[in-house]
2 protein chains.
Amino acid sequence: MVRVGLTPERLTRAGAELADEVGFDQVTVSALARRFDVKVASLYSHLKNSGDLRTRIALFALEELADRVADAVAGRAGKDALAAFAEAYRDYAREHPGRYAAARLRLDPETAAAGAGVRHAQMTRAILRGYDLTEPDQTHAVRMLGSVFHGYVSLELAGGFDHSAPDPQESWAWIVDSLDALLRHRATP
Amino acid sequence: MVRVGLTPERLTRAGAELADEVGFDQVTVSALARRFDVKVASLYSHLKNSGDLRTRIALFALEELADRVADAVAGRAGKDALAAFAEAYRDYAREHPGRYAAARLRLDPETAAAGAGVRHAQMTRAILRGYDLTEPDQTHAVRMLGSVFHGYVSLELAGGFDHSAPDPQESWAWIVDSLDALLRHRATP
DNA sequence: GAGGTTTGCCTAAAGGTATTAGGTAAATGT
DNA sequence: ACATTTACCTAATACCTTTAGGCAAACCTC
C-alpha cells in the first residue's frame with residue numbers, strides 16, 4: 001500500500017487538467033481516482049464530495065484567470081487596458097476550456113464572495129476608470145463588458161464560429177474596438 | 001399494464017418542463033420515467049439514449065425561441081426591432097431557464113443545420129438590415145449581438161446580478177441603447 | 001530506535017443512472 | 001377471430017457516488 005501523497009490541492013490541480021482534456025462536466029471523482037491510480041473511496045478523505053471538487057476547481061480557475069488578467073492590464077490604461085483584458089480573457093478560455101467552464105460554475109454567495117470573483121469585478125471597474133463613467137453608467141458598463149466577453153468566448157468555444165468567415169480573431173478585434181468607441185461616447189463630461 | 005401513450009414528442013415536451021423545474025443538467029431518463037410513472041427501460045423504445053433526449057429538447061427550445069423572437073420583431077425595424085428581439089430573447093430565458101440552457105447545447109453540425117439555429121442567424125441579420133452594414137462588418141455585428149444577448153442572459157440566470165443595484169432591467173435597456181448607437185455609428189455611408 | 005497515535009489508502013456495500021436483451025400483453029389490421 | 005405489431009415490463013450489466021470500518025505507513029514522543 002504505497003501512499004501517493006494526495007492533497008486537496010493536488011486533486012484540484014489534476015481536476016483542472018482533467019477538465020481541459022475531457023470537459024468540465026466529465027470531471028468525476030472516479031476519473032480523478034483513476035488518474036492517481038488509487039481507489040475512488042480514497043479521495044473522500046480529501047474532498048467532501050463531488051460538488052466540493054467542482055467548487056475547488058472553479059475557485060482555482062477563477063484565481064488563475066484573475067492573475068492572468070491582472071498581469072495583462074498592469075501598467076496599461078484606456079483602450080490599451082481594455083484590449084489587454086479582452087485578450088487575456090479570451091486566451092485563457094481557449095487554452096483552458098475546461099477551467100473556463102469551471103469558472104462559470106454557480107457558487108453559493110459566501111463561497112463566491114471569498115473567491116476571486118471580487119477581483120474580477122474590481123479589475124473591470126479599473127478598466128473603466130479610463131472612460132469617465134459615473135454611476136449607474138459604470139455598473140451598466142461592467143455588466144455589458146462581462147456579457148460580451150463571456151458571451152463571445154462561450155459561443156466561440158461551443159463552436160459557433162467554426163464554419164464561417166471571417167476569422168474569429170477579426171471579430172474579436174472589431175468588438176473590442178466597438179466597445180472602446182462606445183465607452184468613450186458614453187463618457188460624462 | 002396500462003399504456004400511457006408515450007411518444008418522442010411528449011417525452012421531449014415533458015423533458016423541457018422538467019428542465020425548467022430542475023435545470024437542464026438534471027434532466028435524466030430516470031427522472032422522466034418517474035414523471036410518467038413508467039419503468040426507465042420503457043423510454044428506450046422512444047429515445048435512442050439520453051443524448052438523444054437532450055438533443056430533442058435543445059431543438060424544441062431553439063424552435064420555440066425562434067418563434068417567439070420572430071413574433072416579436074415582425075413588423076418592426078431599426079432600434080424598435082433590436083429592442084423587441086432583445087426583450088423576447090431575455091424573456092424566454094427567464095421564463096424557461098432550463099429550455100434556454102438546452103438551446104445552448106452543442107449540437108453536431110448536421111443536427112444544428114437541420115434545426116432552428118439557421119432561423120436565429122437569419123433573424124439577427126434581418127435586424128441588421130436597418131443599420132446599413134456591409135460585410136465583414138455585418139458578420140462582426142451578428143457575432144457581437146449574439147455574444148451580448150447570450151452573455152447577459154447567461155450571467156443574469158447564473159445570479160450574477162442578484163445582490164447589486166441597479167435593476168438588471170435598467171442595464172438591459174442601457175445595453176440595447178448602446179448597441180443601437182454603436183450599430184448606427186458603424187453604418188457604412 | 002521502540003512505543004503509541006494519527007491518518008492515508010483500502011475493501012465492502014448500498015443506491016442512483018444508463019443501457020441492452022428478451023418477454024408479455026395490449027392495440028391494430030385483415 | 002386471428003396474426004402482427006408495438007408499448008411497456010423484468011432482468012442484468014456497468015459505471016458513478018458516497019459511507020463505514022479496517023490495516024498499515026508515517027509521524028511523534030521519549
Side-chain angles (χ1 to χ4, degrees), chain A residues 1-61 98-99 101-102 105-108 111, chain B residues 1-61 98-99 101-102 105-108 111:
Chain A
M1 206 201 300
V2 186
R3 298 201 176 188
V4 187
L6 302 177
T7 63
E9 288 69 32
R10 285 190 66 197
L11 290 172
T12 303
R13 185 155 223 109
E17 284 159 15
L18 186 59
D20 287 336
E21 290 165 23
V22 303
F24 183 56
D25 38 338
Q26 302 300 320
V27 172
T28 167
V29 183
S30 301
L32 204 51
R34 273 194 294 277
R35 173 163 291 223
F36 282 98
D37 202 34
V38 139
K39 297 297 168 186
V40 189
S42 307
L43 300 198
Y44 282 82
S45 318
H46 307 279
L47 304 169
K48 257 185 60 217
N49 51 39
S50 126
D52 182 35
L53 170 62
R54 299 166 99 68
T55 300
R56 282 172 189 272
I57 299 175
L59 291 172
F60 172 78
R99 302 182 196 193
L105 181 67
R106 186 171 191 166
L107 304 170
D108 53 295
T111 312
Chain B
M1 205 202 301
V2 187
R3 297 201 175 188
V4 187
L6 302 177
T7 64
E9 289 68 32
R10 284 190 67 196
L11 290 172
T12 303
R13 184 156 224 108
E17 284 159 16
L18 187 57
D20 287 336
E21 290 165 23
V22 302
F24 183 56
D25 38 338
Q26 302 301 318
V27 172
T28 167
V29 184
S30 302
L32 204 52
R34 274 195 293 278
R35 172 163 293 222
F36 282 97
D37 202 33
V38 141
K39 297 295 168 186
V40 189
S42 306
L43 300 198
Y44 283 82
S45 318
H46 307 279
L47 305 169
K48 256 185 60 217
N49 52 37
S50 130
D52 182 35
L53 170 62
R54 299 163 100 64
T55 301
R56 283 172 189 271
I57 299 175
L59 292 173
F60 172 78
R99 302 182 197 194
L105 181 67
R106 185 170 191 166
L107 303 170
D108 53 295
T111 312

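It should be emphasised that the depicted structure is a prediction, and the values quoted were computed from it without experimental measurement. Reckoned from all heavy atoms, side chains included, excluding hydrogens, waters and symmetry mates. Throughout, a chain's letter reflects where its sequence line sits, starting with A, and its residues are numbered from 1.
Remark: nothing in residues 15-26 of chain A comes within less than 4.0 Å of DNA chain D through any heavy atom.
Between B:Thr28 and C:dG16 there is no side-chain polar atom (N or O) within less than 4.0 angstrom of OP1 or OP2. For the OP1/OP2 pair of D:dC8 and a distance below 4.0 Å, the side-chain nitrogens and oxygens of B:His46 include at least one atom meeting the criterion. Put simply, A:Ser50 has no side-chain N or O that comes within less than 4.0 Å of OP1 or OP2 on D:dC16. Between A:Arg34 and the phosphate of D:dC16, there is a side-chain N or O to OP1/OP2 separation shorter than 4.0 Å. When the side-chain nitrogen and oxygen atoms of A:Ser42 are compared with OP1 and OP2 of C:dC10, one or more of them lie within a distance under 4.0 Å.
Note on A:Ala31: nothing from the nucleic acid sits closer than 4.0 angstrom, heavy atoms only. Using a 4.0 Å heavy-atom distance criterion, B:Ser45 is classed as a base contact. Within 4.0 Å of A:Val4, counting heavy atoms only, lie sugar-phosphate atoms of the nucleic acid but no base atom.
Summarising the geometry, the separation between CZ on A:Arg54 and P on D:dC16 is reported as 13 Å, rounded to the nearest angstrom. Rounded to whole Å, atom C1' of D:dA25 lies 14 Å from atom CG of A:Leu6. Rounded to an integer number of Å, the gap from CG of B:Leu43 to C1' of D:dC9 is 12 Å. Taking atom CG of B:Leu47 as the reference point, atom C1' of C:dT17 lies 15 Å away to the nearest angstrom. Put simply, CG on A:Asp52 is 13 Å from P on D:dT17, counting in whole angstrom units. At whole-Å resolution of the value, CG in A:Asn49 and C1' in D:dT18 are 9 Å apart. The CG atom of A:Asp37 sits 19 Å away from the P atom of C:dG8 (whole-angstrom rounding). Summarising the geometry, the separation between NZ on B:Lys39 and C1' on C:dA21 is reported as 18 Å, rounded to the nearest angstrom.
Contact between B:Pro8 and B:Arg56 at its shortest, heavy atoms only, is CB-NH1, 3.5 Å. Of all heavy-atom pairs spanning A:Val40 and A:Ala33, the tightest one is CA-CB, 3.7 Å. Contact between B:Leu6 and B:Arg10 at its shortest, heavy atoms only, is N-NH1, 4.4 Å. For A:Ala102 against A:Ala58, the heavy-atom pair with the smallest separation is O-CB, 3.1 Å.
In this structure, A:Arg54 satisfies the cation-pi test against A:Phe24, with its NZ or CZ atom closer than 6.0 Å to the six-membered ring centre and inside 45 degrees of the ring normal.
In this structure, B:Asp108 and B:Thr55 have side chains that are not in contact, with every pair of non-hydrogen atoms separated by 4.5 Å or more.
When the nucleotides D:dA24, D:dT17, D:dA20 are ranked by their closest atom to the side chain of A:Arg3, D:dA24 comes out on top.
Not counting sequence neighbours, B:Glu17 has no partner by the side-chain hydrogen bond (donor to acceptor under 3.5 Å, both in side chains) test.
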